[in-house]
Amino acid sequence: MTNLKNLRGMVDLLPAQIDYWQKVESIARDHFSRAGLEEIRTPIIEQTELFLRGIGENTDVVGKEMYTFEDRGGRSCTLRPEGTASVARAILQNGLLNNGPQRLWYGGPMFRYERPQAGRQRQFHQIGVEFVGFDSVISDAEVISIAWDFLCALGLNDLTLELNTLGSNEDRHSFKEKLKDWLNQRFDLLDEDSQKRINVNPLRILDSKNIAIKKLLCEAPSLSDFLSKESKNRFDFLQELLNNLNIPYKINKNLVRGLDYYSHTAFEITSDHLGSQATVCGGGRYDGLIADLGGPKTPSIGWAIGMERLIILTKDRISHSKFPDAYVINRGQNAQQVALKITRKLRSDNFRIELDYSGSSFSKQFKRADKSGAKLAIVIGEDEVSKGQLMIKQLRDDEKEKGGKEYICSIEELNQLISKLIV
RNA sequence: GCGGGCGUCGCCAAGUGGUUAAGGCAGCGGCUUGUGGCGCCGCUAUUCGGGGGUUCGAAUCCCCUCGCUCGCCCCA
């Protein structure tokens with residue numbers, strides 16, 4: 001084995017798995033285009049500044065997971081850890097909002113410097129949706145249903161949608177103060193992580209997985225008591241809309257989400273079949289982000305799905321059969337000329353053709369033809385060349401019988417005969 | 001960043017201190033230089049993730065290192 005290896009947490013997608021990806025991607029493209037979304041592609045590298053301002057300096061993603069480096073001009077660059085900030089930047093920079101609100105989707109690699117484990121890599125892929133410039137609650141419902149229906153279209157039917165509201169910035173601000181006081185009074189009961197977070201990001205303590213903390217928090221002040229009338233109405237209406245769409249959900253008051261830009265609606269879609277990294281899809285409303293990046297106040301909502309996790313879940317449901325229609329067996333230089341030519345011709349006629357290059361015995365070539373999974377073998381030897389004919393043999397009409405049917409035809413008849421035989 | 005498990009051919013593996021490192025799958029070649037799916041025969045690791053050490057002798061013991069994997073944290 002070579003001592004040249006890929007970097008830790010970076011994964012090769014080999015031909016054997018690529019079918020799964022293409023299938024999921026094509027279903028996604030189709031699904032999104034029917035929902036009226038347009039695709040956007042942004043660079044993989046951005047100014048570090050974008051993520052500092054967009055995601056928030058106190059988040060784990062920014063604090064300890066970014067791939068940041070200096071380029072030759074001394075600029076601080078970062079491999080994007082998520083898609084939303086880049087999309088927001090591109091929208092602003094290119095003035096897309098001048099054409100009205102935007103409904104976009106994107107896909108591609110993201111980078112986070114973390115310890116790899118099941119369902120987590122350093123380079124991973126997300127596919128995401130961003131509705132930028134929409135305030136109405138039905139846009140929330142629409143965005144969630146696009147995610148839900150997409151996952152259903154992939155045959156996933158045992159997922160859980162968790163839903164919460166983070167309220168407006170004002171709601172959260174007054175709640176934060178109250179929560180801090182309450183936590184400070186119980187400082188000694190908190191674990192180290194939570195103690196550190198009190199001043200930096202107290203909301204995140206609510207999401208703690210520590211059982212003792214969880215228990216303690218049952219008594220803590222609840223954000224829901226600090227929601228303004230308007231925030232409450234939004235959340236109620238969203239639930240009504242989802243009920244109306246028959247999309248099942250579970251309210252999870254501790255669902256906070258790790259990135260700073262979220263407000264109001266927050267949601268996650270999780271699965272029991274992913275090990276400890278259970279989230280397939282995460283998203284929410286981010287009304288402040290565009291303004292934080294220097295744009296106009298622009299209410300927005302979106303989500304991202306982790307492709308690797310999605311592939312884990314859908315793998316068994318996706319069948320892939322990419323067998324050739326015919327395998328071209330040939331022997332001798334004259335035959336090779338004919339073989340190459342008709343291979344090209346048949347491919348342009350939309351057949352899937354595999355050509356043997358080996359020049360080895362007919363026996364060997366038949367073996368390979370069989371292994372290729374092709375339905376037919378097209379045989380060209382010196383005999384055929386001298387008679388101006390071709391032979392076609394069926395490889396899998398009668399699994400049990402020895403030897404498939406053989407047909408002789410001219411080059412002109414080939415297309416028709418193959419069409420007939422492969423149905 | 002912290003813990004646990006693991007690392008022998010492309011894949012699955014046996015071997016746990018003693019001369020040439022089992023076996024299976026896949027691959028290649030032959031039996032069969034014009035006929036596949038079955039069968040039979042042969043070939044394919046100077047080397048056991050890498051580097052040091054102990055020993056007459058190491059894949060097997062020790063140290064370091066790298067990687068994989070699962071979990072924690074956090075997220076997609």
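Here is the naming used below: chain letters follow the sequence lines, and residue numbers restart at 1 for every chain. These numbers come from the heavy atoms of this one structure, side chains and all, not from hydrogens, waters or symmetry mates. Given the structure is predicted, the values throughout are model-derived calculations rather than measurements.
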Those residues at least two apart in sequence (or on a different chain) that pass ring-ring contact (aromatic ring centres under 6.0 Å, His included) with A:Phe124 are none
Side chain to side chain donor-acceptor pair (under 3.5 Å): which pairs involve residues 353-372 of chain A, sequence neighbours left out? A:Tyr327-A:Asp356, A:Asp356-A:Ser358, A:Asp356-A:Arg368, A:Ser358-A:Ser360, A:Ser358-A:Arg368, A:Ser360-A:Arg368, A:Asp370-A:Arg396
Sticking with atom P, work out how far B:rC2 lies from B:rC61, rounded to a whole angstrom. 26 Å
Would you mind reading off the distance between A:Lys64 atom NZ and B:rC75 atom P, rounded to a whole angstrom? 9 Å
Atom-to-atom span, CG of A:Asn254 to P of B:rC74 - whole angstrom: 13 Å
Looking at every strand, decide which applies to A:Gln121 at a 4.0 Å heavy-atom threshold: base, sugar-phosphate, or nothing. base
On a whole-Å scale, what distance lies between the P atoms belonging to B:rG3 and B:rC73? 16 Å
Set of ring-ring contact (aromatic ring centres under 6.0 Å, His included) partners for A:Tyr113, sequence neighbours left out: A:Tyr67
Could you check how far CE of A:Met66 sits from P of B:rC75, rounded to whole Å? 15 Å
What interatomic distance, in whole Å, is found between P of B:rU44 and the corresponding atom of B:rA22? 11 Å
Salt bridge flag under 4.0 Å for residues A:Glu114 and A:Arg120: yes
Is any side-chain N or O of A:Lys393 under 3.5 Å from a base N or O of B:rG36, one able to act as donor and the other as acceptor? yes
Does A:Gly359 reach a base, just sugar-phosphate, or nothing at all? Heavy atoms under 4.0 Å. nothing
d(CG, A:Asp370; P, B:rA26) in whole Å: 13 Å
Looking only at atom C1', what distance separates B:rG7 and B:rU60, rounded to whole Å? 14 Å
Once you measure the plane-to-plane angle for A:Tyr286 and A:Tyr262, does it fall in the parallel (<30°), tilted (30-60°) or perpendicular (>60°) bin? perpendicular
What's A:Glu114 touching, base or sugar-phosphate or nothing? Going by heavy atoms closer than 4.0 Å. base
How many whole angstroms separate atom CE of A:Met10 from atom P of B:rC68? 10 Å
Non-hydrogen atoms of A:Ile290 and A:Val132 that approach each other most closely: CD1-CG1, 3.9 Å
Just checking A:Gly282: base, sugar-phosphate only, or nothing, at a heavy-atom cut-off of under 4.0 Å? sugar-phosphate
What pairs meet the side chain to side chain donor-acceptor pair (under 3.5 Å) rule with one or both residues in residues 47-57 of chain A, with sequence neighbours excluded? A:Thr48-A:Ser76, A:Thr48-A:Thr78
Identify whether the distance between the nearest side-chain nitrogen and carboxylate oxygen of A:Asp135 and A:Arg234 falls below 4.0 Å. yes
Integer-rounded Å distance: B:rC75 C1' and A:Asp60 CG: 9 Å
Evaluate salt bridge (Lys or Arg N to Asp or Glu O under 4.0 Å) for A:Arg41 paired with A:Glu39, printing each intermediate quantity in order. CA-CA 7 Å; A:Arg41 301 189 190 185; A:Glu39 184 180 358; 2.8 Å; yes
Would you say a side-chain N or O of A:Gln117 is under 4.0 Å from OP1 or OP2 of B:rC70? no
CD1 of A:Ile312 versus C1' of B:rC70: gap in Å, rounded? 13 Å
Nearest-angstrom distance, P atom, B:rG15 to B:rG71: 28 Å
Taking only the P atom of each, what is the distance from B:rU16 to B:rC72 in whole angstrom? 36 Å
Tell me what A:Met391 touches on the nucleic acid: a base, only sugar-phosphate, or nothing, going by heavy atoms under 4.0 Å. base
Relative to the 5' end of RNA chain B, which residue comes earlier, A:Gly9 or A:Ile269, by the nucleotide with the nearest heavy atom? A:Gly9
In the structure shown, which nucleotide is the Watson-Crick or G-U wobble counterpart of B:rA21, with both distances under 3.5 Å? none
Just wondering, are more than 12 heavy atoms of other shown residues or ligands nearer than 6.0 Å to CZ in A:Arg344? no
Using the aromatic ring of A:Phe366 (for Trp, its six-membered ring), decide whether it stacks on the base of B:rU35 within the limits of 5.5 Å and 30°. yes
Under 4.0 Å between any heavy atoms, over every strand shown, what does A:Ala118 touch: base, sugar-phosphate, or nothing? Just pick one. sugar-phosphate
Describe the nucleic acid contact of A:Gly128 in one word from base, sugar-phosphate, nothing, applying a heavy-atom distance below 4.0 Å. nothing
Heavy atoms under 4.0 Å, any strand shown: does A:Glu382 hit a base, just sugar-phosphate, or nothing? base
Whether the side chain of A:Arg103 engages the backbone of A:Leu37 through a donor-acceptor N/O pair (distance < 3.5 Å, no angle test) should be reported. no
If you pin A:Asn6 and A:Ser276 to their nearest nucleotides in RNA chain B, which one's is more 5'? A:Asn6
Rounded to whole angstrom units, what separation is found between the OH atom of A:Tyr113 and the P atom of B:rA76? 20 Å
Look at the side chain of A:Glu406 and the base of B:rU35, then say whether one donor and one acceptor between them are separated by less than 3.5 Å. yes
With a 4.0 Å cut-off on heavy atoms, is A:Val61 in touch with a base, just the backbone sugar-phosphate, or nothing at all? nothing
Exceeds 12 heavy-atom contacts within 6.0 angstrom, atom NZ of A:Lys250: no
is_close_aromatic(A:Phe267, A:Tyr249), centroid dist under 6.0 Å: no
Do any N or O atoms of the protein come closer than 3.5 Å to N or O atoms of nucleotides 29-31 of chain B, and which pairs are they?
none

Pair of N/O donor and acceptor under 3.5 Å linking B:rG71 base with A:Gln277 side chain: no
P atoms of B:rG39 and B:rU20, separation to the nearest Å: 35 Å
Is there any protein nitrogen or oxygen under 3.5 Å from a nitrogen or oxygen in nucleotides 3-5 of chain B, and what are the pairs?
{"residue": "B:rG3", "atom": "O6", "partner": "A:Arg115", "partner atom": "NH2", "Å": "3.3"}

Which base sits across from B:rG27 as a Watson-Crick or G-U pair, both distances under 3.5 Å? B:rC43
According to the Watson-Crick and G-U wobble definitions, with both distances under 3.5 Å, which nucleotide is paired to B:rG71? B:rC2
Give me the distance, rounded to whole Å, that separates B:rC41 from B:rA26 when you measure between the P atoms they each carry. 15 Å
Residue-phosphate contact under 4.0 Å: A:Arg8 side-chain N/O, B:rC68 OP1/OP2: yes
